[in-house]
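Everything quoted here is computed from the prediction, not taken from an experiment.
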Amino acid sequence: MPAMPKREIFERIIQNITSKFPDVYAALFISPEGFPINTWGVSLERAEEISALLSALIGKTWEIVRGVKEGGELSFIQIQTNLGGIRIAPQEEFILVTLTRT
(Lines give C-alpha, C1' and ligand atoms only; values in the text may rest on other atoms or scores of the structure.)
Protein backbone atom coordinates (compact mmCIF):
# COMPACT_ATOMS: atom_id res chain seq x y z
CA MET A 1 0.00 0.00 0.00
CA PRO A 2 1.40 3.47 -0.92
CA ALA A 3 2.43 5.80 1.90
CA MET A 4 -0.22 8.28 3.01
CA PRO A 5 0.57 11.98 2.64
CA LYS A 6 2.10 13.53 5.74
CA ARG A 7 0.45 16.39 7.62
CA GLU A 8 3.05 18.88 6.30
CA ILE A 9 2.22 17.99 2.71
CA PHE A 10 -1.49 18.31 3.43
CA GLU A 11 -0.94 21.74 5.02
CA ARG A 12 1.08 22.95 2.01
CA ILE A 13 -1.67 21.77 -0.33
CA ILE A 14 -4.29 23.59 1.77
CA GLN A 15 -2.22 26.80 1.78
CA ASN A 16 -1.85 26.56 -1.98
CA ILE A 17 -5.55 25.91 -2.54
CA THR A 18 -6.81 28.63 -0.19
CA SER A 19 -4.45 31.22 -1.68
CA LYS A 20 -5.87 30.50 -5.15
CA PHE A 21 -9.48 29.82 -4.13
CA PRO A 22 -10.58 32.02 -1.20
CA ASP A 23 -14.06 30.46 -1.26
CA VAL A 24 -12.64 27.17 0.15
CA TYR A 25 -13.59 26.81 3.81
CA ALA A 26 -12.76 23.14 4.43
CA ALA A 27 -10.62 20.38 2.98
CA LEU A 28 -10.12 16.68 3.58
CA PHE A 29 -7.76 13.92 2.54
CA ILE A 30 -9.81 10.73 2.44
CA SER A 31 -8.39 7.21 2.20
CA PRO A 32 -9.54 5.04 -0.72
CA GLU A 33 -11.53 3.08 1.88
CA GLY A 34 -13.50 6.21 2.85
CA PHE A 35 -11.82 7.30 6.10
CA PRO A 36 -10.54 10.82 6.77
CA ILE A 37 -6.73 11.00 6.86
CA ASN A 38 -6.32 14.74 7.44
CA THR A 39 -8.88 17.51 7.75
CA TRP A 40 -8.99 21.28 7.85
CA GLY A 41 -12.02 23.44 8.60
CA VAL A 42 -14.39 20.71 9.86
CA SER A 43 -14.59 18.61 13.00
CA LEU A 44 -13.39 15.01 12.92
CA GLU A 45 -16.98 13.83 13.39
CA ARG A 46 -18.17 15.88 10.40
CA ALA A 47 -15.15 14.73 8.37
CA GLU A 48 -16.11 11.09 9.03
CA GLU A 49 -19.68 11.77 7.81
CA ILE A 50 -18.47 13.58 4.69
CA SER A 51 -15.87 10.89 3.96
CA ALA A 52 -18.41 8.09 4.12
CA LEU A 53 -20.87 9.91 1.87
CA LEU A 54 -18.28 10.93 -0.70
CA SER A 55 -16.67 7.50 -0.77
CA ALA A 56 -19.97 6.05 -1.95
CA LEU A 57 -20.40 8.83 -4.52
CA ILE A 58 -16.88 8.39 -5.88
CA GLY A 59 -17.28 4.63 -6.17
CA LYS A 60 -20.49 5.03 -8.15
CA THR A 61 -18.98 7.78 -10.31
CA TRP A 62 -15.98 5.57 -11.16
CA GLU A 63 -18.41 2.83 -12.15
CA ILE A 64 -20.30 5.23 -14.43
CA VAL A 65 -17.13 6.62 -16.03
CA ARG A 66 -15.81 3.13 -16.77
CA GLY A 67 -19.17 2.04 -18.16
CA VAL A 68 -19.69 5.06 -20.38
CA LYS A 69 -16.11 5.70 -21.42
CA GLU A 70 -14.48 2.29 -21.73
CA GLY A 71 -11.00 2.58 -20.23
CA GLY A 72 -11.72 6.10 -18.99
CA GLU A 73 -10.25 7.30 -15.72
CA LEU A 74 -11.88 9.67 -13.27
CA SER A 75 -9.78 12.76 -12.54
CA PHE A 76 -12.13 15.34 -11.01
CA ILE A 77 -15.73 15.74 -9.78
CA GLN A 78 -17.36 19.10 -9.09
CA ILE A 79 -20.76 19.49 -7.48
CA GLN A 80 -22.40 22.91 -7.22
CA THR A 81 -25.37 23.71 -4.97
CA ASN A 82 -27.12 26.90 -3.96
CA LEU A 83 -25.11 26.83 -0.69
CA GLY A 84 -21.67 26.13 -2.17
CA GLY A 85 -19.70 23.45 -3.88
CA ILE A 86 -17.73 20.27 -3.46
CA ARG A 87 -14.59 19.60 -5.48
CA ILE A 88 -13.23 16.06 -5.46
CA ALA A 89 -9.86 15.02 -6.88
CA PRO A 90 -9.39 11.26 -6.47
CA GLN A 91 -5.81 9.99 -6.53
CA GLU A 92 -4.53 6.45 -6.16
CA GLU A 93 -3.44 6.81 -2.53
CA PHE A 94 -5.98 9.40 -1.32
CA ILE A 95 -8.91 11.60 -2.32
CA LEU A 96 -8.66 15.37 -1.93
CA VAL A 97 -11.97 17.11 -1.19
CA THR A 98 -12.58 20.83 -0.83
CA LEU A 99 -15.79 22.49 0.29
CA THR A 100 -16.60 25.98 -0.98
CA ARG A 101 -19.03 28.80 -0.25
CA THR A 102 -21.01 30.54 -2.95
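Of the possible donor and acceptor atoms, one in the side chain of Ser31 sits under 3.5 Å from a partner among the backbone N and O of Phe35.
When the options Thr18, Leu99, Thr98 are evaluated for a side-chain contact (heavy atoms from CB on, under 4.5 Å) with Tyr25, the one that passes is Leu99.
We find the OG1-CD distance between Thr61 and Glu63 to be 9.5 Å, quoted to the nearest 0.5 Å. Taken from CG in Leu28 to CD1 in Ile37, the straight-line distance is 10.0 Å, to the nearest 0.5 Å. One finds the CD atom of Glu33 at 9.0 Å from the CD1 atom of Ile95 (value rounded to the nearest 0.5 Å). Glu8 CD to Ile13 CD1: the interatomic distance, rounded to the nearest 0.5 Å, is 11.5 Å. Within the model, atoms OG1 of Thr39 and CD1 of Ile30 stand 10.5 Å from one another, a figure rounded to the nearest 0.5 Å.
Legend: residues meeting side chain to side chain donor-acceptor pair (under 3.5 Å) with Gln91, ordered by chain and number and at least two apart, are absent. Taking the side chain to side chain contact (heavy atoms under 4.5 Å, CB included) definition, one finds that Ser75 meets it with nothing, sequence neighbours left out. Partners of Glu11 according to the side chain to side chain donor-acceptor pair (under 3.5 Å) rule, which considers only residues two or more places apart in sequence or in another chain, are Arg7.
Through direct or indirect side-chain contacts shorter than 4.5 Å among Ile, Leu, Val, Met, Phe, Trp and Tyr, Val68 is connected to Ile64.
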Under 3.5 Å, sequence neighbours excluded: what are the donor-acceptor pairs made by side chains of residues 42-56?
from	atom 1	to	atom 2	distance (Å)
Ser43	OG	Arg46	N	3.1
Arg46	NH1	Glu49	OE1	2.8
Ser51	OG	Ala47	O	2.7

Quick one: side chains of residues 76-87, donor-acceptor pairs under 3.5 Å with protein atoms, not counting sequence neighbours, listed by atom name and distance.
from	atom 1	to	atom 2	distance (Å)
Gln80	NE2	Gly84	O	3.3
Thr81	OG1	Leu83	N	3.1
Thr81	OG1	Gly84	N	3.1
Thr81	OG1	Gly84	O	2.9

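Listed here is the closest heavy atom pair of Asn16 and Ser19: O-OG, 2.9 Å. Residues Leu96 and Phe29 come closest through the heavy atom pair CD1-CE2, 3.5 Å.
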